[in-house]
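In the text below, chain A, chain B and the rest are named by the order of the sequence lines, each starting its count at 1. On a predicted model such as this, the values are computed, not experimentally measured, just so you know.
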Amino acid sequence: MELKKEKKINPQKYLLVLLFTLLIFSSGFFLNNQFNKKRVTDIGSLQQDLRIDILSLETQFAILEQAPCENLNESTLTKELYEISQRLTSVGNNLGPEHSSYIQLKKYYSILEIKHWLLLQKASKACDLPLAFVIYFYTDKEACPKCEDQGYILTHFRKKYPFLRVYSFDYDLDLAALQTLKSIYTLKKEMPIIVINNEVHYGYKNKEELEKTLEEFIDLATLEEEATSTDEADIEK
Amino acid sequence: MISIEILVYIGLFWALFFGIFIFITFFENRKQIYQTAKKQFMPFVSLIVPCFNEQDNIEGVLNSLLVLDYPKEKLEILIIDDGSKDNTLKIAKQFQKKHKQIQVFHKENGGKYTALNLALTKTKGEIVGCIDADCYAEKNALKKMLPYFETPEVAAVVATIKILRPDNILQGIQYAEFLISAFLKKMLSFLDSIIVTPGPLSLFRKEILDIVGPYKEGHMTEDLEMALRLQSKQMKIAHSIDSVVYTQGQSSLKNLCRQRLRWRRGFLLNLKDYPQLLNLKKHGNLSFLLLYNLFGAVLSISLTIYLLYKLSSFLFVKISNAVLINFDFVPYLAQRNWNIPTIPTRPSFLFGIVGLTMLIIFLSLGKKLSFDKVRIRQKALFYIVAYSFLNAAWWILAGYSILIKRKIKWS
């Protein structure tokens with residue numbers, strides 16, 4: 001039996017391992033950088049889409065002045081609005097709520113929402129569309145811890161009642177159009193704020209309370225019936 | 001939050017470094033995985049089977065030893081009954097009557113290491129082996145282990161341990177764990193860094209045991225203590241990856257936790273008894289890997305706690321949202337336009353994928369090199385999901401039991 005000699009470390013091997021590890025690590029960060037670049041392009045394209053949609057809504061407005069209601073493509077516009085909202089949320093998650101690009105996109109989006117709301121209000125009267133409108137004001141988490149929950153419940157109702165159009169706005173966003181909207185309803189800063197068919201409600205409402213309030217101001221049953229019959233008519237067409 | 005992120009990256013770097021270290025070791029030694037006998041090496045072998053209340057298992061182990069592919073006149077089997085209260089002794093004596101190779105000894109109960117030490121005074125073999133009573137050796141296990149002793153520096157040879165009939169999920173997790181461990185142990189043998197001569201099957205040169213002395217209690221991990229003692233005396237431990245011994249996997253979480261707590265506690269306490277092993281100048285790769293393992297355990301605990309925190313806060317948000325809408329999911333189901341979740345592209349996610357791939361390659365190599373034929377696809381998945389949490393929990397429990405000096409039971 002022979003004993004081993006002292007076991008020496010092979011520095012070259014350790015260096016090689018370190019080199020490979022660093023290589024994989026730096027490639028990871030490089031790839032991340034590339035994805036970030038792509039994200040910046042995505043933000044640019046989102047901004048472009050927002051501009052186009054705003055223009056598109058303005059054009060629809062003009063058409064509505066001239067042409068009959070049949071040409072109004074409401075469902076596509078609303079779908080697009082919600083899709084943009086999802087993209088905006090994902091940009092917000094990536095950049096953080098304070099990022100200047102995100103705030104700018106939010107401003108664009110708020111203008112788009114206001115235009116959408118104005119168009120649909122007019123169209124629903126002119127063309128007798130079975131729609132109901134909810135405007136929701138929120139602010140950051142520290143000032144309004146319940147705002148996130150309120151937003152979630154409203155999204156739920158938006159999904160539950162397809163005739164419901166929900167527009168959400170950051171109360172503190174520095175945007176002239178939003179200031180005008182706030183002054184129309186002479187809002188106090190008591191968050192969260194929900195405006196249901198032009199009636200202002202302050203404070204958090206849970207699912208039951210909100211559903212009850214919605215029922216008070218909106219004839220949910222009739223609207224649901226009308227919305228369903230319109231849908232069926234669309235399918236038949 | 002930034003400091004946690006830094007810790008995550010240190011942990012990932014740590015794991016990647018180890019993985020690459022093992023891969024390079026594999027490429028360096030890929031042609032020396034197996035050892036074949038250069039000459040006819042047929043020493044006299046004594047196999048010791050320590051038993052305590054093993055009436056249900058003893059027949060199995062003895063039957064597997066009696067059919068070992070090795071000349072009968074060169075193999076003796078010593079059964080040491082360590083004061084069993086069941087029929088172990090009776091069954092052992094029945095075997096003794098039928099087979100001349102078998103000798104049975106009985107003693108007062110004193111723990112596994114005392115049974116092994118009694119046997120060491122009775123053995124005649126040039127090579128001495130220990131096999132746990134709840135294990136089954138493959139027919140060719142001994143023949144494949146012995147050629148390693150042709151290398152004069154080799155003091156001990158350890159076998160590959162596999163789980164016998166991995167029926168439930170927990171045994172499946174252990175099966176996958178043991179396959180990865182088989183591959184890692186082979187690589188560690190090239191780095192002279194094996195730190196356990198496991199009870200299921202290990203062979204020793206008798207002259208070495210005469211030099212280093214008998215088994216010690218070793219904080220209830222006598223197999224770990226013996227290996228560390230051999231390492232501290234610069235002796236070489238080899239691993240024969242294609243010599244397989246099957247052991248009964250722990251079938252309940254409680255027993256598994258108790259066993260792993262004992263192992264990890266034993267590792268920490270025995271290392272405390274052999275601090276010289278951490279001397280990089282003297283013990284090279286072994287010291288590096290021991291230090292690496294210790295720091296790795298601390299990192300794994302912190303990262304697992306962080307991961308658990310993230311997971312539970314995610315679940316908390318989801319559950320609170322569900323409560324907000326009174327679990328009314330109908331509108332969501334009706335919509336049917338599911339969004340494809342965006343794949344996170346943070347570096348930590350990418351490194352996690354690399355680490356996971358490495359683990360799967362280790363598992364496949366362990367399977368391939370030990371000629372494993374059991375299908376373990378789903379079981380491997382459970383291993384990947386559950387093991388990091390269990391491992392961190394065992395380290396925490398081991399550290400805690402040392403701190404409060406709690407006595408533990410043999411599992």
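- The salt bridge (Lys or Arg N to Asp or Glu O under 4.0 Å) contacts involving residues 9-29 of chain B comprise Lys13(A)-Glu28(B), where partners must be two or more places apart or lie in separate chains.
- Separating the CG atom in Leu350(B) from the CG atom in Leu31(A) is a distance of 6.0 Å, to the nearest 0.5 Å.
- Counting heavy-atom neighbours within 6.0 Å of Glu148(A) CD, excluding the residue itself, gives a total of 12 or less.
- Listed by first and then second residue, the salt bridge (Lys or Arg N to Asp or Glu O under 4.0 Å) pairs that reach into residues 348-362 of chain B come to none, sequence neighbours excluded.
- Proximity to chain B involves both the backbone and the side chain of Asp149(A), based on heavy atoms less than 4.5 angstrom apart.
- Note: Leu23(A) CG to Leu16(B) CG = 11.5 Å, rounded to the nearest 0.5 Å.
- Looking at Leu210(A), there are no atoms closer than 4.5 Å to chain B (heavy atoms on both sides), in backbone or side chain.
- Tyr152(A) OH to Leu324(B) CG: the interatomic distance, rounded to the nearest 0.5 Å, is 7.5 Å.
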Original post:
Under the side-chain contact (heavy atoms from CB on, under 4.5 Å) criterion, do Leu18(A) and Phe13(B) qualify, and how do the steps go?
Top reply: CA-CA 10 Å; Leu18(A) 187 69; Phe13(B) 190 89; 4.0 Å; yes

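- Using a 4.5 Å cut-off between heavy atoms, Glu208(A) touches chain B through its side chain atoms alone.
- Taking both residues in full, the closest heavy atoms of Asn32(A) and Pro347(B) are given as CG-CD, 3.4 Å, listed atom of the first, atom of the second, then distance.
- Within the 4.5 angstrom heavy-atom criterion, no atom of Ser287(B) approaches chain A.
- Within the 4.5 Å cutoff, side-chain heavy atoms of Lys160(A) are placed close to those of Asp328(B).
- To the nearest 0.5 Å, atom CG of residue Asn206(A) and atom CD1 of residue Ile325(B) are 13.0 Å apart.
- Note: Phe288(B) and Tyr14(A) meet the aromatic proximity criterion, with ring centroids under 6.0 Å apart.
- Contact annotation: the side chain of Phe351(B) approaches that of Phe29(A) to within less than 4.5 Å [non-hydrogen atoms, C-beta and beyond].
- Gln32(B) CD: more than 12 foreign heavy atoms inside a 6.0 Å radius.
- The parts of Tyr9(B) that come within reach of chain A are both its backbone and its side chain, each placing non-hydrogen atoms under 4.5 angstrom from that chain.
- Ring centroid separation for the pair Phe35(A) and Phe349(B) does not come in under the 6.0 Å cut-off.
- For the pair Ile9(A) and Asn285(B), the tightest heavy-atom approach, listed with the atom from each and the gap, is CG1-N, 3.8 Å.
- Nearest heavy-atom pair across Ile20(B) and Phe20(A) is CG2-CB, 3.7 Å.
- Atom CZ of Phe41(B) sits in a crowded spot, with more than 12 heavy atoms from other residues, nucleotides or ligands closer than 6.0 Å.
- Leu191(B) touches chain A through its side chain: at least one heavy atom from C-beta onward sits under 4.5 Å away, while N, CA, C and O do not.
- Between Val17(A) and Phe17(B), the shortest heavy-atom distance links the atoms CG1-O, 3.4 Å.
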